[in-house]
Amino acid sequence: MMRKKKRSSITVDDDSTLDVPKSKKTKSSGRPTKSSAQDLHPDSVFVQFLKESGVTLRAGSTANEIAVDQVIFQKRLQQRLRKNPRFPNIIQEFISALETYIEDPERFRNCLLPCVPSSSSQQDTNSGSYQESLVRLLLGIEMLQTLIINILFEKLPEFMFEGVREDGLNVPRLIINQLKWLDRIVDGKDLSSKLMQMVSVAPVEIQRDIITSLPEILEDSQHGDTAKELNGLLQQNTQLAVPILDALSSLNLSSALLSEVREAVMGTLSAVQLEDLPVVVKFILHSISASGPNEVVCDLRKKLELEQCVLPAVLQASQSRMKSKAVSGVPSCSNGQDSVALVLDVIKSAIRFQKTISEAWLKAIENVDESDDHKVVDLLVLFILHSTNANHSRRGAERVLKVKVRKGLIQESLLQKTFKGHAQVMRGYFPSILALAQGLLRSSDCCVVPFGGHMYKQAFTGFDSYCQQEVVGSLVTHACSGVSGEVDMALELLYELVSQRPAEMSQFTVFVKGILDYMDNLTSQQIRRLFHLLSHLAFGQEQHGGHIQDDMHIVIRKQLSSMVPKYKRIGIIGAVMMVGSMGACRNKPEGSQGGTLPKETHRQVMALLELVRSCSESSPEAAALYYDELANLLQTCKLDLLVQAWIGKSVLEDFQEDFVVDLGPDISGPFVFPASVMYNLDDDESQGGIAINLLPLMTQDQQPKTDTTQPAGVKKERRVSPLCLSPFFRLLRLCEEVQHQGDLEEIDALLGCPLILTDMEKVESLSKAEREFLCSLLFYTINWFREVVNAFCKLNDPEMKMKVVTRIQNITYLQSLLQTCLAATPGYTPPQANFDGESAEGMIPSSSIALPKKGKDSSGRKRKASASKNSSGDKSQLKGAADAEDSQQDHPEKESEKEKEKDAKSGVSLSSYWPFFRELDVEALSVLQCGLLSRTLLDTELHSKLKEEVQLGPAELLFMLEDMWRKLDFSLASAPAKKAPFLKSKTDRAVGFAHLQQKNAKEIATCCMELLPTLCTHLENCHNHFQTLLSEHQGVVDAPGVDVKEQQLMCSAYQLLLQVLHTTFSWAGFSGPEHRALLKSALGVLAGRLKEDETDLTLDQLSRHAFEYLQNFRSTVPSLNTALCLTQLLIVLSQYGGSNHRTYREQITSLTRHFLCQEWVTASGEKERGNKYNDALQTLLRYVVTISGSQLYYKSMMAELERAVRKIPPSKQMDSQEVCVCFEKLLTWNLAVRDFHILINLVKMFDSRPVLTVCLKYGRLFLESFLKLGMPLLDYSFKKHKEDVQSLLKTFQLSTRQLHYMCGHSKIRQDTGLTNHVPALKKSLEQFVYRVKAMLTLNHCQEAFWLGNLKNRDLKAVDEEEEESSQLQSEEEV
C-alpha cells in the first residue's frame, strides 16, 4: 500500500492544458501506433538487457510494456549486469546505449511515462494495475541511480523553454517527478547540489517545480543545508517566496535554523507580492514554537499592512471595468480582498488550533498604547478571536476591545476604515461583530457604548439585507430591554438609520413598529424619539414607510381616547411628533395652499391638531402637556408656514383671553384672599395696564366643578386652569420667536407686567386649606417667573436684562416664602410643573423636611405689594442659609433635636420639591454674564430723577449656579458613583430635564466652555471677598462684625463654582480625540487668567497653567467641603498633564495635608461638624494615601491615634456621679472610635501588604487600650448614657469585624509577616466580646447580648461563598 501511494505522486498534470502552443508538433506524429524499438536498435545492450529482464520498449506514442513484476524486473536486470563478463564496464555500455536510445524525444517521453502490463501478463495476478515508468525502475537499481540522475539533469535543459506539449505533457515536470519518493538515494548530497544548481539557472516555472518537489526528493540529512540555500535564495528573489516557503514548511529543520529562516522571511514581508502574502503568513505562524510566540506575533502584526491591500475607490472602479472587458476564461489574481481573506483564514486557523498564538495576538494588541499605532488588522484579529469556539479567546477579545475603546485607543475612524476597505472580508465575521456590538451597547460603562453604536451603523451600511435585518432586530431588542441607557442608544441609532437610509429601513418597518407594544417601559423622551423615527419613516417627504400610516393613526387615536393619563400622555406625544413629520416644511409642490404642503396633507395636519386639542381639554395636565410638546416641536422642527401661522394665531388669542386682564381701578371678586397687584416692573401706573390673573384663576379652579346650565344662545365659558399658564406662555413665546425670527416685541410687556396675587407672608393664622392654597399660589408664581426668564434671557437690551435679573430676585424671595409655607403645611402635594412624566402623586417628597443645605437657595428682600422697586436684599435668603449652616455645627448628640427646631423656624428645604418647578433652559445660564445693570428713571419733565441699579447678588448667583450644576450633573456626569453628594433626590432623575435631553453632551460642554470666563470671574470675586475679610480681621474668620449670613452665602457660592468646574472637566468625552480641541479651549480659558499673553500652548502647558491658576485659591477656601471640591478639581486637571504626574501628585499631596491640618471654623465661631464634614475628612484622607503612595503616612496616623487614646485618663466609679466629666470622656472615646473606624475602612481600598501589617499591629494595640481604659467607662456610663454607649459599641463592632476579615485574609495568603500578628489580635477580639457581655451583665442587661458566627468575607466585606456561587451561576447562564 505504501508503495502504491508513493507511485501515485508521479501523475501527468492535466491541469496545464490551457495554453498549448499550436506551432509545435511532436516528431512522432504520423508514425505507426505500435512498433518494437528493437527493430531500430537490435544490437543495443540497453534494449537487449531490458527485454531479457521483462520490459519491451515500444516506439511512437505507445507505452512501454512490462511482462513481470517491477521488483522482479529490477532484480533480473541487476543480476544480468553483475554476471556479465564485462562487468563493471557493461554498466557504462548500458548507460551509453540508454543515452543513444533517448535521443529521440518520443522515446524519452515513453521512458518517463508509466509502463503498461503486456498482453501476455495481464491475467497475472502478481502484476499491479499501476506500473512505474522505465526511468523510475532504473533509478531503483543502486548501481545505475547516479548515472541515470546525471542523464536526467543533462536532458532537463533541452526542455526548459519548450513549455507544455500538445498532448498536455510537461516534460521538465515529468523529469523532476522521476526523482520523488525513491526508496533509497545513493548520493543525497550530490543530488541536492545538482538540484540547487538547476534552480539557479532554470526559468521561474521550473524553479517553482523543483523547489516544491525538494521535500519529496531529498533525504532528511540534506534538509538543513537545503533550507539554508533556500533561505538565501528567498532574500534574492521574492518571486519564489511561495514555493520556497512551501518547501521549508515540509522540511525537517532544527529550531535554531527554523528561527533563523523565520526572521529572514519576516524581513521580506513588506516586499512580498499580495497574492503570496497568505503563504508567507502561514509559514510564519506555523513555524512558531510554543516557547516564544509573543515576539513573533508582535513583529508580524507590525509588518502586516492590510491597509495597503485596498485600492482607492477610483482605481477599484477602473479595475472592475477592466475585468468586465477581459476574457472570462482568464482567471484574475489581482483581487486584494481575496488575498486579505486568505490571510485572515490563515490567522484564524493558527488561532483556532494553537492557544499560545491566540494569547500572543491578544497580548500584541493589548500592548499598543497609542491610537495612531492601531491598525486594521487589530480589529480584524479581534473579530477572528471572538469567532472561535474557545471561550478564553472570545472573552479575551471582548475584554481587550472594551479596554481599548474606553481608553480611546481604538476609535471610530479605525472602525470606519476597516469596514470601508474590508467589508467583503468582514461579512464572514458578522455574528461576532453583532455580538460585540450588543455587548458594548449593554455595557454599564458609558465610554464604550457609542462605539457599539458605530459598529451597528457600519454593519448596516456595509453588509447585505440579511445582515441589515439582523442589525435592526438586535436594535429593536435593545429598545425593548427596559434598561434606560440601552433603550436611549438603540432608539438614537434607529433614528439615525431612518434619517440616513430611509429606503433600506423601510424594508424593516414592521420590526421597528413592534416597539410600540413595549411603550409601557419607555420614558417620555424615549416615546418621543420612537414616534419621531416612525413618523419620519411613515410621513416623511419620501414616505418609504407609507404602508404603516394607517397603523400610526390607529395607535394615536386609541391612546388619545384612553382615560388613563399614562396612555393619553403617550397619545399626545405621538400625535405631536406625527404633526412634526407630516407638517414639516418641504419643497413647494403644485396645488399647495400658499404653503409647502399638499392640500390633503395640510388637511390631515389640521385635523390631527384639532383632535389632540379636543382630547386634552378635559384634563389640565393633558392640555399643559400638549402645549409643552407643541412648543418643543416648534423649537426643534421647521414647520410649514401655514401650520405655523395657524398655531401662532390660535395661541395668541387664547392666551390673551384666558390669562391676561386689563387693570381697572379696583380688583373685586369672590377670592379666597384679598387681591392685589404685585411685582410690577413697568413705570406706568397700574391702571390702564395688563396683569396676569393668577389669583382669580386659582379661585375659580378651586370651586366645585358643577355644570351650571347656560341660557339659550349664550356660549358656554371654557374652564381655564392655572396649571396651563406656564406651558401656554412657553408655547406663545416660541410661536413669536419662530414667526418673527427671535423678536419678542409683541409680547415683551409680559416680562414686566404684574400678577394679581395676595399677601403671602403671614401663614400662621391660616387654616390648612388656606395654607395649601397659598403654597400652590407660590408655586404657580415662581413657575411663571421661571418661564419669563426663559423667554427673555437672550435679549440684549439693558433694560430687558435688568428686568430678567429682577425676576430672578423675585424667584429667590418667593422661594424663601415657600419654604416657610411648606414647613407649616405638612403632607401638601404641589401642582405639577413637568407634564411628560408621572403625575404629581408619584413625585411627592418623601419628607417635608429635606437637607437644609438648599436653604441657601431662597432669598430676596421683602417687596411691597406694588413692587415698584426691586433690589437684591439678602435677609430672607441669608436666614435660610444661616440655619442650614448652623444645623451642621451642633454636637452629634444634639444634632437631630437642633435640626428639628431650626427647620421649624426657617422652613423646609426645596431640594426635594425641584421636580415641581419649571425647567430653566440652558440659554438662561447666560444671566450669569450680567454684571452691574443700571438705568436712569425720569420724571414727568424728562429730567433725571433717580438712577436704579440691579446686579446678581449672592442669592441670585447661588440660584443660577445650583441650576447649572444640576444640568451638568445630569448631562456630563459619567457614572453615579462619581457624582458629588449634593442635592440628592429620590425622584426620577430625568424629571425636569426634558429640554436638556434634547441637547447632547458635547453641546452642553460647549455651553460651559463659553461661560468659563464668567465662572472664573465669579470665582475670583469669591476669593477676593474672603481675602478681604481675612485681611480686615487679621485672619480671624469669626471676628466680631462679620456678616455671618452673607459669609455663608458666599461660602456656598464658592463651593458650587468649584463643583461646576469639577463636573465640567470630569466629562468623559474629554478623553476622546474628537473633543481634544474643546478641552484645550477650556483649559486655555483657565490658563489665560494666569498667562494672558502666551498663545499656541500644548495641552501639557495649558494643564500646568490651569493647575497653577486654581491652586491660588487654596488660601481662601472657607470650609472643608469647599477644600474637598478644590482638591477634586485639581486631581481632574492633573490627569491632563501628561508627563508631569509626579509634580502634580506632590503638589496635591501637600495641599491635601494642609487642608487636613487646618482647623475649620464657621463664621459663627464653631468648629465644623456633622456627617458632611466627616465624609469630606475621610475623602481627603483617602486622597492623601492614594496620591502620595506612602504607607508611612497611614502608619503615622494609626500610631498617633493609638498614642492619643492611651493618654485618656482612666475612669473611676466616682466619675459616674460627675456627669460632665463622664460625658466628656465618653465623647472623647466616641471620636477616637469613629477615627479608628475611618482608618480601618481605608483597607478596603488600599489592601497592600504594608497597610495590612500596620492595621493588624496597631488595631490590636488600640483594642487593648480600649479594653483597659474604655470599657470601665462604659460600665459606669451605660445607665445614664445608654444611647451613646450603644452607638459607640455599634461603630466599634464594625471595626472589629473588619479586623476579623483581615485575619482570615492573612491566613489565606499564607504570609508569615501578616500571620504573626493574627494570634494576639484574635485573642484581643475574643476578650472584647466577653468584656461587652460582662458590661451588660453588670448593668442587668445580659439578655441583650447575642453571639453569632461571622461569615468568611474578603477585605471588601463580600461573602466569599456567596461570591463563588454567584460566579458559578453566571458561568452556567453563559
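With salt bridges taken as basic N to acidic carboxylate O contacts below 4.0 Å, none links Asp445 and Lys402. Classification of Asp1275 and Arg1331 as a salt-bridged pair holds, one side-chain N sitting under 4.0 Å from a carboxylate O. At a threshold of 4.0 Å, the pair Glu398-Arg394 does not count as salt-bridged, since none of the basic side-chain nitrogens sits closer than that to a carboxylate oxygen. The existence of a salt bridge linking Glu1264 and Lys1268 is excluded, since no basic side-chain nitrogen approaches an acidic carboxylate oxygen closer than 4.0 Å. One finds a salt bridge joining Glu1202 and Arg1206 here, because a Lys/Arg side-chain nitrogen approaches an Asp/Glu carboxylate oxygen to under 4.0 Å. With respect to Glu366 and Arg399, a salt bridge is recorded, a charged nitrogen being found less than 4.0 Å from a carboxylate O.
Expressed to the nearest 0.5 Å, how far OH of Tyr1276 lies from SG of Cys1222 amounts to 10.5 Å. Taking CD of Glu1283 as the start and NZ of Lys1290 as the end, the distance is 12.0 Å to the nearest 0.5 Å. Summarising the geometry, atom NE2 belonging to His1237 is positioned 5.5 Å from atom OG belonging to Ser1295; distances are rounded to the nearest 0.5 Å. Atom-to-atom distance recorded for Leu1239:CG and Cys1255:SG is 8.0 Å, nearest 0.5 angstrom. Considering OG of Ser1306 and CZ of Arg1249, their distance stands at 9.5 Å, rounded to 0.5 Å. The CZ atom of Arg1260 sits 11.5 Å away from the SG atom of Cys1303 when rounded to the nearest 0.5 Å.
In terms of heavy atoms, Val1205 sits closest to Ser1265 at CG2-CB, 4.0 Å. In this structure, Gln1059 and Cys1125 approach most closely via the heavy-atom pair CG-SG, 3.5 Å. Trp1067 and Tyr1136 make their closest contact through O-OH, 4.3 Å (heavy atoms, listed as atom of the first residue, atom of the second, distance). Contact between Val1243 and Met1302 at its shortest, heavy atoms only, is CG2-CE, 3.6 Å. When all heavy atoms of Ser909 and Ser911 are compared, the closest pair comes out as OG-OG, 2.9 Å. Listed here is the closest heavy atom pair of Leu1056 and Trp965: CD2-CB, 4.1 Å.
Ser1324 places a side-chain N or O within donor-acceptor distance of the main-chain N or O of Ala1320, the cut-off being under 3.5 Å. Without hydrogens or angle criteria, Ser1287 side chain to Asp1284 main chain gives no donor-acceptor distance under 3.5 Å. The backbone N or O of Cys1341 lies less than 3.5 Å from no partner atom in the side chain of Asn1339, so there is not a single donor-acceptor pair. Between the side chain of Trp1160 and the main chain of Tyr1173, no donor-acceptor pair closer than 3.5 Å is present. Counting only distance, with no hydrogens or angles, the side chain of Ser1277 and the backbone of His1281 share no donor-acceptor pair below 3.5 Å. With hydrogens and angles ignored, the 3.5 Å screen pairs no side-chain donor or acceptor of Ser1150 with any backbone N or O of Glu1146.
Proximity of Val1161 to Glu1168: side-chain heavy atoms (C-beta onward) are nowhere separated by under 4.5 Å. Residues Leu1289 and Leu1274 form a side-chain contact, since some pair of their non-hydrogen atoms from C-beta on lies under 4.5 Å apart. Residues Ile1308 and His1305 fail the side-chain proximity criterion, which asks for heavy atoms closer than 4.5 Å. Under the 4.5 Å side-chain criterion, counting only non-hydrogen atoms from C-beta, Val1117 is not in contact with Phe1026. Taking the side chain as every heavy atom from C-beta outward, Leu972 and Ser1066 never approach each other to under 4.5 Å. Contact check for Leu1288 versus Arg1234: no side-chain heavy atoms found under the 4.5 Å cut-off. Annotation: side chain of Phe1328 is not in contact with side chain of Leu1325 (no heavy-atom distance under 4.5 Å). Looking at heavy atoms from C-beta onward, Leu1126 lies out of side-chain contact with Gln1111 at the 4.5 angstrom threshold.
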For a side-chain contact (heavy atoms from CB on, under 4.5 Å) check, start with the C-alpha distance between Tyr1144 and Leu1130, then their side-chain angles and the critical distance, and finish with the verdict.
CA-CA 9 Å; Tyr1144 289 133; Leu1130 291 174; over 6 Å; no
What do the steps show when you test Leu401 against Leu440 for side-chain contact (heavy atoms from CB on, under 4.5 Å), and what is the final call?
CA-CA 9 Å; Leu401 182 61; Leu440 292 175; 4.1 Å; yes
Steps toward side-chain contact (heavy atoms from CB on, under 4.5 Å) verdict (Phe1278, Leu1336):
CA-CA 9 Å; Phe1278 185 78; Leu1336 292 173; 4.0 Å; yes
For the pair Leu1180 and Leu1120, evaluate side-chain contact (heavy atoms from CB on, under 4.5 Å) and give the outcome as yes or no after the intermediate values.
CA-CA 9 Å; Leu1180 284 173; Leu1120 184 63; 3.3 Å; yes
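The local environment of CD in Gln1158 is crowded, with over 12 non-hydrogen atoms from other residues, nucleotides or ligands closer than 6.0 Å. Under a cut-off of 6.0 angstrom, the local environment of NZ in Lys1322 is crowded, with over 12 non-hydrogen atoms contributed by other residues, nucleotides or ligands.
Each of Phe1236, Phe1266, Phe1223, Phe1292 was evaluated against Trp1229; a single residue qualifies, Phe1266, per the ring pair (Phe, Tyr, Trp, His ring centres under 6.0 Å) test.
Contacts of His1317 classified as side-chain hydrogen bond (donor to acceptor under 3.5 Å, both in side chains), with partners at least two apart in sequence or in another chain: none.
Side chain to side chain, Thr1122 and Ser1119 meet the donor-acceptor criterion of an N or O pair below 3.5 Å.
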